[in-house]
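Input: a single structure, listed below in structure tokens.
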Amino acid sequence: MQKGRRQLDFEVDKLTNSIENTLTGENVETEILRLSTGDATILRGLEWQFDWHKEFHKSDTEIYALIAKGNPSTWHGLVSASDERDHLFMHLIESAPFNKGRDKLFDGVLGNLVAFLCKASFEKGYSGVIAFDAKTRLIEHYQKMLGAQLFTANRMFINMPEAIKLIGQYFPNFEHDRDRF
């Protein structure tokens, strides 16, 4: 594992079509926002597990927030990634505090963010490939839920066929040129 890269500890609760209200079962349309350092102030007072302020100050890392369409002030989840010139590397991913645990408000947040990174990878010409370092106890979970494959030790990746499935789940209107890859 490269220095500074942590093993991710996230569980994908459910693959949905967007995010799903756990009380009503209603699907809520979502959008992804690219965040800037100025957005870090929104995190104050919220109890996120990871130190997202550090992520905002890394020059090679982009941070994205999942929002309900038309509601940019409420972040349902965050993901950070870097461009490795042939794939995207996912550094951190986290559901908002209100989307965790038994009393969470929405399912599908993390699956949505992973699918977004696969889509971004396609848009960069990387065939949808993303990689991340997983905690050992979650490797099987990522294989089952995301179709991720083990590369070395704890390094996992999502390859083009699995990326296409995830993108189709959350971004059904996304057009990619399979013949190009």
May I have the step-by-step check of side-chain contact (heavy atoms from CB on, under 4.5 Å) for His91 and Phe50, ending in yes or no? CA-CA 11 Å; His91 294 277; Phe50 297 118; over 6 Å; no

Testing Ile130, Leu66, Leu88, Ile93 one by one against Val79 for a side chain to side chain contact (heavy atoms under 4.5 Å, CB included), which residue passes?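 So the option named by the test is Ile93.
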
Any donor-acceptor pair under 3.5 Å linking the side-chain atoms of Asn71 with those of Ser73? yes

Quick one: does any side-chain atom of [X] pair with a main-chain N or O of [Y] as donor and acceptor, under 3.5 Å?
X	Y	result
Asn99	Lys104	no
Glu94	Gln49	yes
Thr22	Leu105	yes

With side chains defined as the heavy atoms from C-beta onward, is the minimum distance between [X] and [Y] less than 4.5 Å?
X	Y	answer
Ile158	Tyr142	no
Thr30	His76	no
Thr74	Phe98	yes
Tyr126	Glu84	no
Val114	Phe132	no
Phe106	Ser95	no

Assign the ring pair His53 / Phe56 to parallel, tilted or perpendicular, where the plane angle (0 to 90°) is split at 30° and 60°.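 His53 vs Phe56 ring planes: tilted.
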
Can you say whether the rings of Phe116 and Phe171 are parallel (under 30°), tilted (30 to 60°) or perpendicular (over 60°)?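 The rings of Phe116 and Phe171 sit tilted, inter-plane angle from 30° to 60°.
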
Heavy-atom pair with the smallest gap, counting every atom of [X] and [Y]:
X	Y	result
Leu166	Cys118	CD1-SG, 4.2 Å
Ala81	Leu117	CB-CD2, 3.8 Å
Glu20	Asn27	CB-OD1, 3.7 Å
Ser18	Tyr170	O-CE2, 3.2 Å
Ala68	Val28	CB-CG1, 3.7 Å
Ala163	Gly128	CB-O, 3.4 Å

side-chain hydrogen bond (donor to acceptor under 3.5 Å, both in side chains) against Arg85, all qualifying residues, sequence neighbours excluded: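 In terms of side-chain hydrogen bond (donor to acceptor under 3.5 Å, both in side chains), with neighbours along the sequence ignored, Arg85 is linked to no residue.
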
Just how far is it from atom [atom1] of [X] to atom [atom2] of [Y], taken to the nearest 0.5 Å?
X	Y	atom1	atom2	answer
Ile139	Gln149	CD1	CD	13.0 Å
Met145	Leu138	CE	CG	12.0 Å
Leu150	Met156	CG	CE	5.5 Å
Leu78	Leu92	CG	CG	9.5 Å
Ser82	His87	OG	NE2	7.0 Å
Ile63	Leu33	CD1	CG	12.5 Å

Glu29 atom CD, over 12 foreign heavy atoms within 6.0 Å: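 No - once you tally the heavy atoms of other residues, nucleotides and ligands closer than 6.0 Å, there are 12 at most.
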
Take a 6.0 Å sphere around NZ of Lys165 and say whether it holds more than 12 heavy atoms from other residues, nucleotides or ligands.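 Incorrect, the count does not exceed 12.
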
Quick check on the hydrophobic clustering: are Phe174 and Val129 connected, directly or via other members, by side-chain heavy-atom contacts under 4.5 Å? no

Between Lys58 and Glu55, does any NZ, NE, NH1 or NH2 come within less than 4.0 Å of an OD or OE carboxylate oxygen?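 Judged by the 4.0 Å cut-off on N to carboxylate O distance, Glu55 and Lys58 do form a salt bridge.
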
For Phe151, the rest of its hydrophobic cluster, which grows through side-chain links under 4.5 angstrom: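 Members other than Phe151 - counting any ILVMFWY side chain reachable under 4.5 Å - are Phe157.
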
